[in-house]
There are 2 protein chains.
Amino acid sequence: MGNVIAMSRNSAAAATLSPSQLASAKARILEAAAEMFRTHGYDVSMEAVAAAANVSKQTLYNQFGSKEELFKAMIAERGAAMRAPLKAHALVRHPRDMLTDVARQYYTHACSPHEIGYYRMIIGASQQFPEIGAAYYEAGPKEMLEELSNWIAREERLGRLDTGGDSKLAAEHFLGLITAQIEARGLLGVGTEMQPTEIERRARYCAEVFMRAFGPESLLR
Amino acid sequence: MGNVIAMSRNSAAAATLSPSQLASAKARILEAAAEMFRTHGYDVSMEAVAAAANVSKQTLYNQFGSKEELFKAMIAERGAAMRAPLKAHALVRHPRDMLTDVARQYYTHACSPHEIGYYRMIIGASQQFPEIGAAYYEAGPKEMLEELSNWIAREERLGRLDTGGDSKLAAEHFLGLITAQIEARGLLGVGTEMQPTEIERRARYCAEVFMRAFGPESLLR
DNA sequence: TCAGTTTTGGACTGAGAAGTCCAAACGACC
DNA sequence: GGTCGTTTGGACTTCTCAGTCCAAAACTGA
């Protein structure tokens with residue numbers, strides 16, 4: 001933990017600093033807190049968080065009045081980083097390609113051990129702080145479901161999919177196909193990280209199954 | 001919870017006792033521990049467990065040497081209660097009916113708030129005790145997946161399903177279709193308990209989607 | 001250089017919980 | 001009724017952790 005120079009909270013003075021000191025104290029704390037909460041759950045001690053952030057306990061308490069406050073601030077900040085899983089996908093592509101891509105993205109990001117650890121922490125915390133589970137659901141799965149559902153409805157209007165009108169349930173099912181046990185295994189700690197070829201295989205398979213179930217005859221095979 | 005007779009640990013002597021004393025101390029403790037751990041996570045105090053079991057702290061420690069031991073004993077006992085989700089299903093039925101039934105069972109049992117609470121607890125504990133997550137997976141999801149996969153393979157041999165040979169992945173996908181977001185919502189505490197009609201709707205839908213994707217042409221519609 | 005602010009380390013308080021100990025009460029069995 | 005093992009309550013020890021306090025050091029801006 002050798003260090004050289006410390007920085008004030010507000011200025012961006014240039015100097016040779018260790019990476020962990022580049023950001024402001026607040027940002028550093030949030031980052032460290034995210035990591036510690038993710039890997040140890042809500043039970044990490046504030047001491048440990050302070051140490052990880054390379055900051056004194058007092059500074060930690062100056063920035064965030066309490067553990068709960070820190071935790072919620074961390075959640076709020078991280079929430080923003082989780083969005084837009086589906087943006088920038090045009091309508092012009094074949095539904096199968098689009099779906100494959102969504103699955104691929106999901107596997108590489110949302111199902112990574114890192115993200116699963118975060119998810120596990122949220123699940124644990126949502127017992128103690130129900131509003132956190134709700135907020136996570138709103139910002140994460142729910143938003144993704146809505147985007148997916150809207151996309152499906154659009155494709156249906158174009159005659160390229162046929163879900164019998166229930167695009168919402170179809171979207172849930174597609175997400176279900178993707179996560180199918182992968183998430184569960186990760187949450188229980190028996191997850192083996194997927195190799196790229198496995199990701200590719202599963203992503204294609206998901207899209208294929210979905211298309212078989214919901215594609216119009218013309219696209220079937 | 002009216003009761004009549006109480007038992008000593010070893011004998012079955014009859015007497016008028018309070019309801020909570022009907023079972024042996026050990027059994028009562030395990031039951032209370034399951035409930036407390038389920039609703040409060042691993043963080044419940046041993047005091048609270050003892051109180052819930054209507055037993056002194058010392059007796060608790062006489063039966064189970066430590067909190068960890070109690071926790072694991074409780075898991076081991078509950079594990080047995082979770083099996084056999086799929087047994088006793090004959091091969092004679094139409095695959096669609098079988099699948100609908102599986103989904104129905106899953107919704108009524110595995111997705112109940114009670115079971116979800118238990119699942120959440122296991123997830124939380126599997127961070128602290130990785131072997132617990134693994135044990136749960138082996139006894140629960142994995143076993144169910146294997147049964148399902150074997151059934152699918154059999155149906156495939158009979159020409160009533162066609163998964164292209166990957167019955168294991170197909171089984172995972174079917175489970176994925178069932179849980180699709182239901183479990184996630186439950187874990188995050190935003191789950192609204194499903195009404196019977198909703199269960200029925202979803203169960204049928206799951207089976208329908210699976211059949212569309214994996215049923216042979218003759219069964220398609 | 002100097003005044004004002006922030007950070008730091010470290011000691012401290014208070015609460016809660018794991019686990020132990022013990023004397024008294026209880027229950028089972030003879 | 002008497003004996004032996006168990007249960008009980010409750011006091012007790014030890015630990016960990018959230019959160020506070022404070023005096024000394026470091027940094028900032030002028």
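Letters go in sequence order (proteins before strands), and every chain restarts at 1.
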Asks: Are side-chain N/O atoms of A:Glu146 and A:Asn150 paired as donor and acceptor at under 3.5 Å?
Replies: no

Asks: What pairs of residues pass the salt bridge (Lys or Arg N to Asp or Glu O under 4.0 Å) test when at least one of them lies in residues 65-74 of chain B, not counting sequence neighbours?
Replies: B:Glu68-B:Lys72, B:Lys72-B:Glu131

Asks: Using the side-chain heavy atoms of A:Ser66, tell me which of these nucleotides is nearest: D:dC17, C:dA18, D:dG19.
Replies: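 Taking heavy atoms from C-beta onward, the closest nucleotide is D:dG19.
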
Asks: How many Å lie between CE on A:Met36 and P on D:dA18, as a whole number?
Replies: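 That distance rounds to 11 Å.
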
Asks: Show the nearest heavy-atom pair for residues B:Ser126 and A:Arg120, with the distance to one decimal.
Replies: OG-NE, 4.0 Å

Asks: Kindly point out which of D:dG19, C:dA18, C:dT8 is positioned nearest to the side chain of A:Tyr61?
Replies: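 Per side-chain heavy atoms of A:Tyr61, the pick is D:dG19.
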
Asks: Starting from P on D:dG19, measure out to CG on A:Asn62 and report it in whole angstrom.
Replies: 14 Å

Asks: Find the distance A:His40:NE2 to D:dT16:C1' and express it as a whole number of Å.
Replies: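 In whole Å, D:dT16 C1' and A:His40 NE2 are 15 Å from each other.
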
Asks: Just how far, in rounded Å, is P of C:dT7 from CZ of A:Phe64?
Replies: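 Rounded to whole Å, this separation is 12 Å.
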
Asks: What is the distance from CD of B:Gln63 to P of C:dG19, rounded to the nearest Å?
Replies: 16 Å

Asks: Atom NZ of A:Lys67 and atom P of D:dG19: how far apart are they, to the nearest Å?
Replies: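 Going from NZ in A:Lys67 over to P in D:dG19 covers 8 Å.
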
Asks: Can you identify which nucleotide, out of D:dG19, D:dT7, C:dA17, has its nearest atom closest to the B:Ser56 side chain?
Replies: D:dT7

Asks: Name the orientation class of the two ring planes belonging to B:His173 and A:Tyr205 (parallel below 30°, tilted from 30 to 60°, perpendicular beyond 60°).
Replies: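 The rings of B:His173 and A:Tyr205 sit tilted, inter-plane angle from 30° to 60°.
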
Asks: Provide, to the nearest angstrom, the distance between the CD atom belonging to A:Glu69 and the C1' atom belonging to D:dA18.
Replies: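 Whole-Å distance recorded here is 14 Å.
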
Asks: Relative to the 5' end of DNA chain D, which residue comes earlier, A:Gln58 or A:Asp43, by the nucleotide with the nearest heavy atom?
Replies: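 Going by which nucleotide is closer to the 5' end, it is A:Asp43.
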
Asks: Please determine whether any donor N or O and acceptor N or O are separated by less than 3.5 Å between the side chain of B:Lys57 and the base of D:dG10.
Replies: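 No, the side chain and the base share no sub-3.5 Å donor-acceptor pair.
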
Asks: Answer with yes or no whether A:Glu47 presents, from its side chain, a donor or acceptor under 3.5 Å of a partner atom in the base of D:dC17.
Replies: no

Asks: Whole Å only: how far is the CZ atom of B:Phe37 from the C1' atom of C:dA17?
Replies: 13 Å

Asks: Which atom pairs, one a donor and one an acceptor, fall under 3.5 Å between side chains of residues 177-186 of chain B and the rest of the protein, sequence neighbours left out?
Replies:
{"from": "B:Thr179", "atom 1": "OG1", "to": "B:Leu175", "atom 2": "O", "distance (Å)": "3.1"}
{"from": "B:Thr179", "atom 1": "OG1", "to": "B:Gly176", "atom 2": "O", "distance (Å)": "3.4"}
{"from": "B:Glu183", "atom 1": "OE2", "to": "B:Tyr106", "atom 2": "OH", "distance (Å)": "3.1"}
{"from": "B:Arg185", "atom 1": "NH1", "to": "A:Tyr137", "atom 2": "OH", "distance (Å)": "2.6"}
{"from": "B:Arg185", "atom 1": "NH1", "to": "A:Glu172", "atom 2": "OE2", "distance (Å)": "3.4"}
{"from": "B:Arg185", "atom 1": "NH2", "to": "A:Glu172", "atom 2": "OE1", "distance (Å)": "3.3"}
{"from": "B:Arg185", "atom 1": "NH2", "to": "A:Glu172", "atom 2": "OE2", "distance (Å)": "3.2"}

Asks: At under 4.0 Å between heavy atoms, what does B:Val44 touch on the DNA or RNA strands: base, sugar-phosphate, or nothing?
Replies: sugar-phosphate

